[in-house]
Each structure stands twice: as C-alpha cells, then as structure tokens.
Amino acid sequence: MKKLLSKIVSVGLIFCMTGAMAGCSKSEETTKATTAADTTAADTTAGDSSAADTTAAAEKFTVQEGKLIMATNAFFQPYEYYQGDKIVGIDAEIAEALAKKLGLELQIMDVEFDSIIAGVQNNKYDFGMAGMTVTDTRKKAVNFTTTYATGIQAIIVKEGSEIVDIDTLLGGNYKVGVQQGTTGDIYMSAEPDDGGVGESRIVRYSKGPDAVLALSTGKVDAVVIDNEPAKSFVAANEGLKILETPFTVEDYAMCVNKDNTVLLDKLNAALKELTDDGTIASIIEKYIPSNG
Ligand code: GLN
C-alpha cells in the first residue's frame with residue numbers, strides 16, 4: 001500500500017511538472033482554433049477552402065465537429081452529479097469553461113466509470129473527466145492532462161462499527177464494497193501482502209451510491225471511495241460515518257486518447273489559463289468551501 005501510495009503521489013508530481021512546463025512553452029492560441037478546425041476537409045468534395053484544406057486534417061482534434069464530448073460517471077458528488085436532469089459539479093463546470101475556451105460545445109455522457117478509458121481509446125469520447133486518478137496502469141492506456149484536483153481514499157462504515165481504522169478493516173474478515181474499476185477497488189482487491197483485503201472480500205458495484213446502499217443494508221461492512229463523494233454519501237444516509245484515517249492521496253486529471261496530442265495540448269493550455277486566472281480555484285471553492 002505504501003509503495004502504491006508513493007508511486008501515485010510521484011506520478012502526480014511528474015504530471016504537475018510536465019504540465020507546467022508544457023504550459024510555459026505554449027504561447028499558441030487555443031480560443032479560436034475550433035471554427036477552422038471543424039471543416040472536415042477530407043469529407044468535402046469541392047476544394048473551395050484552399051487555406052483551410054491544408055490544415056484541416058491536422059486540426060481535426062475532436063470526435064465530432066464543433067463538439068467536445070466528455071465521458072463521466074455522474075454519481076460522484078461534488079465532481080459530477082445530477083441536479084434535475086442536468087449534470088453539474090466541479091468537473092462539469094471546469095469542462096464547460098474548457099470547452100468555451102476552445103470554442104466547442106460541451107456534451108457530457110454519463111457512462112459506467114469502468115468504461116470511460118476504453119471509450120476514450122476507441123474515440124467514442126474526446127476525453128474522460130470523472131474525478132479520475134492518475135495511475136501508472138491507466139497511463140499505459142491514455143494520456144492524462146495536468147492535474148486539477150486532489151482526492152483521498154476514505155473508508156465509510158456504519159456508526160458503531162467494530163472497524164475503527166484501516167488496520168482493523170484489513171485484519172478482520174470484513175467485506176468491502178467498492179465502485180468497479182476505481183482506485184478504491186484496485187487498492188482493496190490487492191492481496192493482503194500488497195495492502196488490500198484480497199478478491200474474496202471485495203464486492204463491486206457499478207456506482208458509488210450502490211456500494212453505500214449495500215453498506216446501509218449490511219451487505220458489506222465498509223466502503224472505500226474518494227473522500228468528497230464519501231462526505232456527500234454520509235450526509236445523505238443516516239447511520240454512516242467516515243473513519244478518521246484516510247490512507248492515500250491521489251491526483252485527478254482528464255484522460256485523452258494517446259494519439260490525440262493536439263487535444264491534450266489544447267486542454268492543458270486552456271487549463272493553465274483557467275488556473276492562472278483563478279477560475280479553477282473558484283469552481284472548486286464553490287463546491288468544496290475551504291472553510292466549510
Ligand atoms: N478517483 C477514483 C478513480 O479514479 C474514483 C473515480 C470515480 O469513481 N469517479 O479510480
């Protein structure tokens with residue numbers, strides 16, 4: 001577990017550094033790229049837009065012209081969740097601001113967390129943004145942008161549970177509920193020698209709220225999930241609490257298809273501008289007040 005933790009933290013640091021460097025060396029205009037980029041020259045018959053033709057192929061950097069398609073799993077408050085039938089939250093607002101900078105129309109797709117990376121690899125979505133932690137394994141499949149937020153894995157138990165910390169959780173024969181394919185799943189399903197509880201004690205759910213419901217109804221003894229959603233689950237469900245002993249720190253970033261470095265660079269440049277002008281901090285503050 002410790003090894004895993006330090007790996008994750010160092011990966012995050014490297015990303016921050018490379019992200020910052022990329023940001024510094026790029027003076028490229030990101031805002032006006034889109035209207036020109038959206039002429040799919042290959043598909044048009046007449047060559048009447050000669051100047052655009054030469055660059056269009058190189059500039060086509062989203063799956064659908066004029067759109068920026070984001071994949072998320074919208075049960076992860078305060079990063080993404082439903083307000084009526086609209087998906088709101090930190091990720092949704094940052095994505096909206098990024099799309100605006102790039103002159104694209106944001107479209108958010110709500111899918112299983114576990115299918116986001118594959119969908120990005122297959123060019124079904126332009127990018128994934130779902131409170132997604134940067135990990136070495138995921139980095140083999142997709143590229144990550146600069147990180148924009150930090151998460152901590154938290155343990156939720158019932159009030160009065162015998163589980164009081166990570167050691168009692170690991171040491172007893174307790175069942176642990178996780179959201180399929182998340183870092184909570186990855187850490188907890190590791191064998192005991194590697195800091196987890198092992199496959200036999202893991203119960204996987206496709207959504208965080210389902211894991212929490214299983215805890216409330218006694219199907220599992222604990223849920224391991226990111227701390228901010230954990231707080232909102234506990235607030236919404238009587239009789240649950242978060243243990244004081246969080247056990248990992250993780251970096252969140254957006255994932256992009258490995259071949260689409262054009263989009264990666266544009267997102268990083270736009271993210272840097274939004275970080276520098278305080279937009280990112282104010283979006284995060286709106287959903288996670290620092291004095292609250
Ligand atoms: N941060 C966790 C991960 O990346 C969980 C993300 C989520 O459930 N949306 O695996």
Side-chain angles (χ1 to χ4, degrees), residues 1 4-5 7-12 15-16 70-82 87-95 108-121 125 127-156 176-190 194-196 202-215 220 222-234 236 242 246-256 284 287-288:
M1 177 79 65
L4 253 179
L5 169 58
K7 241 192 232 164
I8 287 166
V9 171
S10 58
V11 165
F15 264 93
C16 286
M70 159 177 160
T72 197
N73 179 255
F75 296 90
F76 200 70
Q77 197 169 346
Y79 292 91
E80 39 269 324
Y81 59 101
Y82 282 95
I87 297 172
V88 298
I90 294 171
D91 289 348
E93 280 203 33
I94 293 177
I108 303 182
M109 313 274 288
D110 180 18
V111 302
E112 308 252 301
F113 181 80
D114 208 19
S115 72
I116 295 174
I117 287 185
V120 166
Q121 283 182 298
Y125 321 118
F127 72 113
M129 189 174 195
M132 185 180 282
T133 304
V134 177
T135 72
D136 279 348
T137 310
R138 291 174 181 167
K139 271 172 58 188
K140 290 186 185 133
V142 282
N143 280 336
F144 281 99
T145 62
T146 314
T147 67
Y148 60 89
T150 306
I152 297 170
Q153 290 297 310
I155 305 166
I156 313 177
V176 181
V178 292
Q179 187 187 355
Q180 168 117 2
T182 59
T183 42
D185 180 1
I186 296 161
Y187 303 143
M188 285 294 111
S189 55
D194 288 321
I202 290 289
V203 188
R204 297 188 171 89
Y205 298 90
S206 67
K207 298 186 187 79
D210 296 343
V212 174
L213 181 66
L215 175 61
V220 297
V223 166
V224 173
I225 203 156
D226 301 43
N227 64 326
E228 289 301 333
K231 283 187 211 162
S232 70
F233 294 139
V234 166
I242 298 173
F247 62 97
T248 57
V249 179
E250 307 179 339
D251 288 308
Y252 292 168
M254 288 164 265
C255 68
V256 181
I284 294 176
Y287 288 93
I288 310 174

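One-based numbering, in listed order, for ligands and for the atoms of each.
The closest side-chain heavy-atom distance from Val178 to Val223 is not below 4.5 Å. No side-chain heavy atom of Ile116 sits under 4.5 Å from any side-chain heavy atom of Gln121.
Which parts of ligand 1 touch Arg138 is read off a 4.0 Å heavy-atom cut-off, strictly below it: atoms 3 (C), 4 (O), 10 (O). Listed by number with element, the atoms of ligand 1 under 4.0 angstrom from any heavy atom of Met132 are 4 (O). Close contacts of ligand 1 with Thr183, meaning ligand atoms under 4.0 Å from a residue heavy atom, involve 1 (N), 2 (C), 3 (C), 10 (O). Close approach of ligand 1 to Glu250 is summarised as follows: ligand atoms under 4.0 Å from at least one heavy atom of the residue are 1 (N).
Checking Tyr287 against Gln77 by side-chain atom types alone, no donor-acceptor pair falls below 3.5 Å. Judged by distance alone, the side chains of Asp251 and Tyr148 never bring a donor and an acceptor atom under 3.5 Å apart. Donor-acceptor pairing under 3.5 Å is lacking for the side chains of Ser206 and Gln179.
Here the heavy atom of the protein found nearest to atom 7 (C) of ligand 1 is Phe76 CE1, 3.3 Å. Among protein heavy atoms, atom 1 (N) of ligand 1 sits closest to Asp226 OD2, 2.6 Å. Atom 9 (N) of ligand 1 has as its closest protein heavy atom Ala130 O, 2.7 Å. Scanning the protein for heavy atoms near atom 8 (O) of ligand 1, the closest one is Gln179 OE1, 2.7 Å.
Ligand 1 is approached by Tyr252 to a heavy-atom distance shorter than 4.0 Å. Ligand 1 is never approached by Glu80 to a heavy-atom distance shorter than 4.0 Å. Under the 4.0 angstrom criterion for non-hydrogen atoms, Gly151 is not in contact with ligand 1.
Residue contacts with ligand 1: Phe113 is placed with no nitrogen or oxygen under 3.5 Å of a nitrogen or oxygen of the ligand (distance criterion only).
Considering Thr248, Asp226, Thr133 in turn, Asp226 is the only one that fulfils the side-chain hydrogen bond (donor to acceptor under 3.5 Å, both in side chains) rule with Gln153. When each of Ile90, Ile152, Ile288 is checked for a side-chain contact (heavy atoms from CB on, under 4.5 Å) with Glu228, only Ile288 meets the rule.
Atoms CZ and CD, on Phe113 and Glu80 in that order, are 9.0 Å from each other to the nearest 0.5 Å.
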For the pair Asp110 and Ile87, evaluate side-chain contact (heavy atoms from CB on, under 4.5 Å) and give the outcome as yes or no after the intermediate values. CA-CA 9 Å; Asp110 180 18; Ile87 297 172; 4.0 Å; yes
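Comparing Thr133, Ile116, Val178 against atom 4 (O) of ligand 1, the shortest heavy-atom distance belongs to Thr133.
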